[in-house]
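Below is one structure, written out as structure tokens; comments come after it.
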Amino acid sequence: MTYHPALSEAAKAFLKCEHQLLIDGNKVEPSSGKRTDIIDPGTGNVISTAAEANSADVDKAVAAARRAFEGPWRQIKPAERTRIMFRFAELIEEHADELAELESINSGKPLVFCRNGDVVGIAEMLRYMGGWTTKMGGDTHNISLPGEWHTYTLREPVGVVGQIIPWNFPLNMAMWKIAPALAAGCTIVMKPAVQTPLTALRIGELALEAGVPPGVLNLVTGRGDPVGEAIAAHPGIDKVAFTGSTEVGRRITQAATGNLKRVSLELGGKSPVIIFPDADLEAAAAAVSSSIFFHAGQVCAAGSRLYVHERAFDQVMEAVAKRAREIRVGHGLDQGTEMGPVISQQQLERVTRYIQSGQEEGATLFAGGNRIGDQGYFVQPTVLTDTKPGMAVHDEEIFGPVLCAMKFGDDDIEQLAASANASPYGLASSIWTRDLNVAHKMASRLQAGIVNINTHSSPDATLPYGGYKQSGWGRERGFDAIEMYTEVKAVAVKLS
Ligand code: NAP
Ligand code: MG
């Protein structure tokens, strides 16, 4: 096999491994004996293989997670959990280049973003969440019942958690779920996306090296059906956390009803970007481009619906189209690449089909529109104008580098907010204006879990992240994530 010249020896050695499942701290053959090819989306070539688990492997992982939950992970003092998590963060930093290379070649995202964004971000997430272990206690209460009372709450881990993650941010999506679960004292059965298991497997090894006891973090690689389905339905799992499509989120919710396990969902969106004419239009246009073209638009919070005031429309659109034409699209590991491929042939077909259908439904192709080359899965940064509600490109999550741009006039704020809110999704949004009144009035009217003002992204571990409406249930990051992995127990003592 020939490897990309940017790959280090460490990354190549990892790609060559015969990857197994990680159960109870051991590398385990999948019961099926089957393996999946792992593809570099920048070339379409096979770069590694992974084990394909089935429901029998999920059973084993759940049993291991239960033992670890009732055993070592419960007994380890909170401060020691913090130290283990900090050590885990340090190991990630020590292996930052290798992790970034593996993330880039497997997900297609340019190396520089993987190195400076994802890897740095997951170490921060571990430290942020690791800090909560000693600080997440309960409360005491001022009781008004007759007599004398002492009451308090305990915050306890929810138990064994199943975590199912997508392929767009394999490292980040893994750590957004692993870190709060570890901090809360839960144990984990995780299913990475079938296309992108590599970095999760590598951090699984680092977790053990950091001192996370065997069985606390189990990795069951394989397909949604059967592995994801088995996790969602498993009676031995107390909570399932999912990131991915709305359709699968619904299936998981239904499967979870058997034992009424807790469910949290992060389901993507169709996030509006709203530019008022008084904004810094240059900064706004640059952010529009990065919000939709970053990682080829495969971002749940991508700014995929653009609303620009008619007085600013031409200027903004010209700058966005210029940027769309200039973005350097290429292999994630090539120096200078700004946008990589989409993840798969299937995703390539999905995105190009949307671009086609948009034009058939009356949208105007303003920039891009085509596949690039016939090797790897590259799509041109694409801009559609004259898009309207009712068109699939306007209403549905494309998950590709495709922007739908619309104009607004001097409508009142209510009407503009109604247009922005006319979506089943409600994940992110951004507002561009220098007028504080307009900014905060819009912020209160938008039905979105995240409102950014004069930026489209705010990637900090402290800020809760999640959606209104069909963008999901619950919040990741921040203390909200700890709440999702804990139960609150009220203890009431009647003193005599
Ligand atoms: P998906 O099917 O929702 O995949 C997400 C995860 O769920 C993967 O690990 C997947 O396994 C697993 N899964 C699939 N079917 C399952 C089931 N029945 N029960 C339990 N788990 C199951 O997403 P996709 O098909 O890869 O992408 C389709 C569209 O979803 C995208 O175009 C995009 O619109 C949206 N999406 C959103 C996000 C986000 O961040 N919100 C991320 C990815 C995709 P496999 O590995 O076998 O697929
Ligand atoms: Mg799917």
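Atom set for the values below is all heavy atoms of this structure, side chains included, hydrogens, waters and symmetry mates excluded. All ligand and atom numbering here is 1-based and tracks the order in the structure. Each residue takes its place number in the sequence, starting with 1.
Here Ile231 has no heavy atoms under 4.0 Å from ligand 1, in either its backbone or its side chain. Residue contacts with ligand 1 for Asn168 involve side-chain atoms from C-beta outward but no N, CA, C or O (heavy atoms, distance under 4.0 Å). For Gln347, every heavy-atom contact with ligand 1 shorter than 4.0 Å involves the side chain, none the backbone. The part of Arg350 lying near ligand 1 is the side chain, judged by heavy-atom distances below 4.0 Å. Heavy atoms of Arg251 found under 4.0 angstrom from ligand 1 belong exclusively to the side chain. The part of Ile165 lying near ligand 1 is the backbone, judged by heavy-atom distances below 4.0 Å. In Phe242, the part holding a heavy atom less than 4.0 Å from any atom of ligand 1 is the side chain.
In this comparison of Val194, Val240, Thr36, Thr196, the heavy atom closest to atom 46 (O) of ligand 1 sits on Val194. Distances from atom 5 (C) of ligand 1 to the heavy atoms of Ile164, Thr243, Val248, Ile252 show the closest one on Thr243. Closest heavy-atom approach to atom 11 (O) of ligand 1 within the set Glu229, Lys270, Glu247, Lys191: this belongs to Lys191.
A side-chain donor from one of Ser458 and Asn452 sits under 3.5 Å from a side-chain acceptor of the other. Neither side chain, His234 nor Asn259, offers a donor N or O lying under 3.5 Å from an acceptor on the other. In this model, no donor atom of one side chain and acceptor atom of the other lie less than 3.5 Å apart for Asn106 and Thr196. With hydrogens and angles left out, the side-chain atoms of Arg323 and Ser289 include no donor and acceptor closer than 3.5 Å.
Geometrically, ligand 1 and Phe399 share no nitrogen or oxygen pair separated by less than 3.5 Å. Residue-to-ligand polar distances keep Pro166 apart from ligand 1: every N/O pair is separated by 3.5 Å or more. Residue Asp225 has no N or O atom closer than 3.5 Å to an N or O atom of ligand 1. Annotation: Gly224 places an N or O atom under 3.5 Å from an N or O atom of ligand 1; distance criterion only.
For atom 41 (N) of ligand 1, the closest non-hydrogen atom on the protein side is Gly268 N, 3.1 Å. Atom 28 (C) of ligand 1 has its closest protein heavy atom at Ser245 CB, 4.3 Å. Of all protein heavy atoms, the one closest to atom 39 (C) of ligand 1 is Cys300 CB, 3.6 Å. In terms of protein heavy-atom proximity, atom 21 (N) of ligand 1 is nearest to Gly228 CA, 3.5 Å.
Nearest approach of Ala200 to Leu219, heavy atoms of both residues: O-CD1, 3.2 Å. Across all non-hydrogen atoms, the minimal contact from His456 to Ser430 is ND1-OG, 2.9 Å. Across every non-hydrogen atom of Arg35 and Glu52, the tightest pair is O-OE1, 3.7 Å. Across every non-hydrogen atom of His394 and Pro389, the tightest pair is ND1-CA, 3.4 Å. Closest of all the heavy-atom pairs between Gln163 and Lys177 is NE2-O, 2.9 Å. The two residues Val379 and Met339 come nearest to each other via the heavy atoms O-CE, 3.2 Å.
Between the CD1 atom of Ile482 and the CE atom of Met129 there is a distance of 5.0 Å, given to the nearest 0.5 Å.
Put simply, the side chain of Arg262 never gets that close to the backbone of Thr486: no donor and acceptor are under 3.5 Å apart.
By the definition of a contact as any protein heavy atom under 4.0 Å away, atom 25 (O) of ligand 1 is not in contact.
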